[in-house]
K.L.:
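Before I ask anything, let me first share the structure, which is written out below as structure tokens.
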Amino acid sequence: MDIGIIIVCVTIAVYILIVLRQKQNQKKDRKWVYILAGLAVAMSILVSFNASLNFIIELLNNTFGRFSRMVVNI
Amino acid sequence: MKRKISQLQLTFLIANLILSSSVISLPQVLVQLGEQNVWLVPIVDFVILLLIILILFRKKEASIENLFSIGRKHNILEKFFIGIFIVMVVFALLRDLRATVDFIAAVLLPSTPLDVLVVLAVLAVVYVTMSGLEVVLRVNNIYFVFLALIVLALPLLLINEINLQNLQPLPGLHNVVDISRGVFISFPWMGEIVFSFVILSYVNPSKDVRKAILAGTGLGILLFFITLTTAIAVVGTKLISEEVYPIFVLIQQINLTDFLDRLDLVIVIIWVPIMFTKFAFLLYCIHHSFSFLRKDETVHLILPISFVIGLISILIFNNNMDLLSFSMFSWASFGLLLEILLFLLFFIVKKTRKSQEKK
């Protein structure tokens with residue numbers, strides 16, 4: 001596992017512990033904390049497996065990018 | 001908590017939004033399109049932005065009170081504005097974060113893994129953002145003054161290297177098409193002043209917001225104009241259109257004496273915090289918009305949001321070519337579309353608020 005991913009996971013773990021210990025947080029806030037922390041961990045796993053989300057950029061490059069190239073004639 | 005920011009802070013923030021990321025690789029594509037005449041592009045951009053600002057803001061602005069503030073009741077148009085705003089800020093943050101990290105990896109830390117650079121950058125940015133908007137803008141004020149002074153002094157520092165023949169032949173009417181193409185590519189970068197619209201209600205006093213926005217836009221575009229023109233005069237169009245980081249090549253040419261020949265590192269050390277301040281502000285914008293939609297504010301969500309965005313910036317761009325293609329071409333039409341929508345929605349939101357206040 002890459003060092004960057006280890007830093008992400010450790011930071012997220014410490015962050016969740018801190019949020020859990022602060023009892024003044026509302027239930028609604030905690031729900032979002034868990035969702036976003038889970039998303040961050042999922043993203044770090046994707047990075048450690050060298051996965052790619054390049055399809056988003058490819059989609060933009062094939063639509064908006066192609067239109068821009070057509071406008072500037074490159 | 002009621003935040004208060006001064007007009008000077010807003011001015012420097014807008015100038016930062018215009019200058020900091022556009023100096024990375026925008027000059028390359030502009031010179032490819034318009035060659036030595038491209039120095040006219042920032043001037044045309046300024047005229048267009050001037051018209052937009054004059055239309056959007058009145059001389060004594062009073063209708064921005066509580067605009068996009070958290071916890072109040074808002075109409076569907078404001079929510080729609082914030083929805084589009086989130087999309088634009090997220091893509092701008094992804095683009096700028098990856099561009100800065102790639103630059104650091106290429107120039108300063110070639111053997112450090114990309115994910116480590118991203119994670120460390122994110123942690124630094126989170127620390128600033130969690131301190132609040134005022135802190136972000138104060139940090140921006142400190143560093144932007146230094147950067148502005150350096151950019152203003154660039155022509156003087158490079159006076160030995162300037163070759164005015166690089167700026168010739170001068171533009172004529174037959175160059176209108178080249179300049180228009182440059183404006184099409186560069187306008188979405190200059191139009192990033194729209195990011196400052198969500199914090200306008202915090203400006204104190206609010207009546208002279210228009211003056212601050214105009215000053216910030218003017219300053220940012222002036223500094224970009226100086227950088228671009230000096231780069232063309234010193235480096236030349238051939239080298240700029242080949243280089244990924246042409247402005248870095250420009251500042252490498254500064255050679256004051258025999259022992260002061262690495263001023264490029266000093267300038268990069270000042271530019272990097274400016275970039276980080278921009279990230280902190282964009283992160284604040286995402287958090288603010290998210291809180292606006294949830295009608296509740298908490299600083300707890302900043303850390304996971306920033307990690308998610310940082311990691312997506314690694315996943316979304318396979319390599320530097322992907323990033324350059326997105327920044328140079330996709331952003332031109334994608335960013336322009338979003339900006340036009342945001343300017344229009346902002347205008348309508350202000351008009352509807354004004355008519356509601358009259359009732």
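Letters A, B, ... mirror the listed sequences (proteins, then strands); counts begin at 1.
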K.L.:
Can you tell me which of Asp178(B), Asp322(B), Ile314(B), Ile309(B) forms the most heavy-atom pairs within a distance under 4.5 Å of chain A?
P.N.:
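Of Asp178(B), Asp322(B), Ile314(B), Ile309(B), Asp322(B) has the most heavy-atom pairs under 4.5 Å with chain A.
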K.L.:
Report yes or no: do Ser325(B) and Arg69(A) form a side-chain donor-acceptor pair below 3.5 Å?
P.N.:
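Yes, Arg69(A) and Ser325(B) have a side-chain donor paired with an acceptor closer than 3.5 Å.
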K.L.:
Please flag which part of Phe184(B) lies under 4.5 Å from any non-hydrogen atom of chain A: side chain, backbone, both or neither.
P.N.:
side chain
K.L.:
Can you check whether Met43(A) reaches Ile312(B) side chain to side chain, under 4.5 Å on heavy atoms?
P.N.:
yes
K.L.:
Among Ile7(A), Val8(A), Val33(A), which residue has the highest count of heavy-atom pairs closer than 4.5 Å to chain B?
P.N.:
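The answer is Val8(A).
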K.L.:
Under 6.0 Å from the OH atom of Tyr34(A), do we count more than 12 heavy atoms belonging to anything else shown?
P.N.:
yes
K.L.:
So do the side chains of Asn54(A) and Phe317(B) get within less than 4.5 Å of each other, counting heavy atoms only?
P.N.:
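They are not in contact (no side-chain heavy atoms under 4.5 Å apart), so the answer is no.
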K.L.:
Is a side-chain donor or acceptor of Ser333(B) paired with a backbone partner of Phe64(A) at a separation under 3.5 angstrom?
P.N.:
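Indeed, once roles are kept as given, a pair shorter than 3.5 Å links the two residues.
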K.L.:
Between Leu117(B) and chain A, with a heavy-atom cut-off of 4.5 Å, which part of the residue counts as in contact: side chain, backbone, both or neither?
P.N.:
neither
K.L.:
Roughly how far, to the nearest 0.5 Å, is the NE2 atom of His300(B) from the CG atom of Leu36(A)?
P.N.:
13.0 Å
K.L.:
Select, from Val308(B), Leu120(B), Ile305(B), the one with the greatest count of heavy-atom pairs under 4.5 Å involving chain A.
P.N.:
Val308(B)
K.L.:
Do you know which of Val19(A), Thr11(A), Ile18(A) makes side chain to side chain contact (heavy atoms under 4.5 Å, CB included) with Leu303(B)?
P.N.:
Thr11(A)
K.L.:
With a 4.5 Å cut-off on side-chain heavy atoms, are Phe329(B) and Asn61(A) touching?
P.N.:
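No, side chains not in contact.
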K.L.:
Output the distance between atom CG (Leu53(A)) and atom CD1 (Ile316(B)), rounded to the nearest 0.5 Å.
P.N.:
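Taking CG in Leu53(A) and CD1 in Ile316(B), the distance rounds to 6.5 Å.
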K.L.:
Measure distances from Leu337(B) to the heavy atoms of chain A and classify the residue's part below 4.5 Å as side chain, backbone, both or neither.
P.N.:
side chain
K.L.:
By a 4.5 Å heavy-atom criterion (distance strictly below it), what part of Leu301(B) contacts chain A: side chain, backbone, both, or neither?
P.N.:
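The answer is both parts of Leu301(B).
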K.L.:
Grab the two heavy atoms, one from Ser68(A) and one from Ala332(B), that are nearest each other, plus how far apart they are.
P.N.:
OG-CB, 3.7 Å
K.L.:
Under 4.5 Å from any heavy atom of chain A, what part of Ile185(B) do you find: side chain, backbone, both or neither?
P.N.:
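Side chain of Ile185(B) only, per the 4.5 Å heavy-atom cut-off to chain A.
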K.L.:
Chain B heavy atoms under 4.5 Å from Leu46(A): which part of the residue, side chain, backbone, both or neither?
P.N.:
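Looking at Leu46(A), backbone and side chain both touch chain B.
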K.L.:
So, taking the atom named OG in Ser44(A) and the one named CG in Leu311(B), what distance separates them when rounded to the nearest 0.5 Å?
P.N.:
6.0 Å
K.L.:
CZ of Phe307(B) to OH of Tyr15(A): how many Å apart, nearest 0.5 Å?
P.N.:
10.5 Å
K.L.:
With a 4.5 Å cut-off on heavy-atom pairs, point out which of Val119(B), Leu315(B), Val177(B), Asn318(B) contacts chain A the most.
P.N.:
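Most heavy-atom pairs under 4.5 Å with chain A: Leu315(B).
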K.L.:
Does the ring centre of Trp32(A) sit less than 6.0 Å away from the ring centre of Phe290(B)?
P.N.:
yes
K.L.:
Less than 4.5 Å apart, any side-chain heavy atom of Leu60(A) and any of Phe91(B)?
P.N.:
yes
K.L.:
Are there over 12 heavy-atom neighbours, none belonging to Phe343(B), within less than 6.0 Å of that residue's CZ?
P.N.:
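Buried by this count: over 12 neighbours within 6.0 Å.
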K.L.:
Return the option, out of Thr63(A), Asn62(A), Ile56(A), with the maximum number of heavy-atom pairs under 4.5 Å with chain B.
P.N.:
Ile56(A)
